[in-house]
Amino acid sequence: KQEVTQIPAALSVPEGENLVLNCSFTDSAIYNLQWFRQDPGKGLTSLLLIQSSQREQTSGRLNASLDKSSGRSTLYIAASQPGDSATYLCAATGNQFYFGTGTSLTVIP
Amino acid sequence: GAVVSQHPSWVICKSGTSVKIECRSLDFQATTMFWYRQFPKQSLMLMATSNEGSKATYEQGVEKDKFLINHASLTLSTLTVTSAHPEDSSFYICSARVGGFYTEAFFGQGTRLTVV
């Protein structure tokens, strides 16, 4: 069964700092890897989708990479802002979504 | 991106009553929708996969008679929590893919259920 792990579980950084969130998965047979943001008490907002044949995707200050062979994905956030504070979830997708445990990010003004 | 709308966003009900949660894909058709449950500070747990025109597929440990799923059309799936008890209080989220397995998934805003 696919297992997805996210490190660190929590992260606190000063505003303006660049940061990296990590996601690892045990089964490389995935269709794609998707990153989400979840604000407290809210649903999930899709940030980036990397298909299994791709290496990375970029959207604004966000860049996500995928290395299927090593079972890793990273989400890079440039010039962090207080509004980036949220929980970030990655999901490795096959027939269903396998979610990581999330990284709770706090950006301090 | 595509929009998945979930209603209600929160509901409080008395123990023993039933509650229905709706999940709609607003600008695309979804042959498959997914229902998740999320406990505080935990990740999402898949409850069931809802298939239009057929029975839902439930994950191990999820009571199908407790959590009734109906996927009546290509844009609507409903989750009914029957005879709710306080332990059913949780955050429920639905999602849908815009196409097949390789396509992006979009999530509803979630429903906070409190059973008193």
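Naming convention: chains lettered A, B, ... in sequence-line order (proteins, then strands); numbering from 1 in each chain.
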Check your understanding: Rounded to the nearest 0.5 Å, how far does CG of B:Leu44 lie from OH of A:Tyr98?
Key -> 14.5 Å
Exercise for review: Heavy atoms only: give me the nearest B:Ala105-A:Ser46 pair and the separation to one decimal.
Suggested key: O-CB, 4.1 Å
Check your understanding: Contact part of B:Gln38 toward chain A, heavy-atom cut-off under 4.5 Å: side chain, backbone, both or neither?
Key -> side chain
Exercise for review: Under 4.5 Å, counting heavy-atom pairs only, tell me which of A:Ser52, A:Ser104, A:Gly100, A:Ala91 racks up the most with chain B.
Suggested key: A:Gly100
Check your understanding: If you group Ile, Leu, Val, Met, Phe, Trp and Tyr by side-chain heavy-atom gaps below 4.5 Å, do A:Ile30 and A:Leu49 land in one group?
Key -> no
Exercise for review: May I ask you to check whether over 12 heavy atoms, not counting those of A:Arg72, lie within 6.0 Å of atom CZ?
Suggested key: no
Review point. Can you tell me how far CZ of B:Arg97 sits from OH of A:Tyr31, rounded to the nearest 0.5 angstrom?
Key: 8.5 Å
Study note, to complete from the structure: Closest non-hydrogen atoms of B:Phe107 and A:Leu44, given as atom of the first, atom of the second and distance, are CB-O, 3.6 Å
Practice item. Take atom CD of B:Glu59 as the centre, draw a 6.0 Å sphere, and report whether it contains more than 12 heavy atoms from other residues, nucleotides or ligands. Key: yes
Review point. Looking at A:Phe97 versus B:Tyr36, is the centre-to-centre ring distance below 6.0 Å?
Key: no
Check your understanding: Should A:Val4 and A:Trp35 be counted in the same cluster of Ile, Leu, Val, Met, Phe, Trp and Tyr side chains packed under 4.5 Å apart?
Key -> yes
Review point. Shared ILVMFWY cluster between B:Leu74 and B:Met33, side chains joined below 4.5 angstrom?
Key: no
Check your understanding: In terms of hydrophobic clusters joined by side-chain contacts under 4.5 Å, are B:Val115 and B:Ile21 together?
Key -> yes
Practice item. Under 4.5 Å, counting heavy-atom pairs only, tell me which of A:Gln34, A:Lys42, A:Gln51, A:Gln96 racks up the most with chain B. Key: A:Gln34
Review point. Does B:His7 NE2 have over 12 foreign heavy atoms under 6.0 Å away?
Key: no
Practice item. Of all the heavy-atom pairs spanning B:Ser43 and A:Leu89, show the shortest one and how long it is. Key: OG-CD2, 3.9 Å
Study note, to complete from the structure: A:Gln38 and B:Phe91 have their tightest heavy-atom pair at NE2-CE2, 3.9 Å
Point to revise | Residue B:Glu104 versus chain A: region with a heavy atom under 4.5 Å | key: both
Check your understanding: Would B:Trp35 and B:Tyr58 show up in the same hydrophobic cluster when neighbours are defined by side-chain heavy atoms closer than 4.5 Å?
Key -> yes
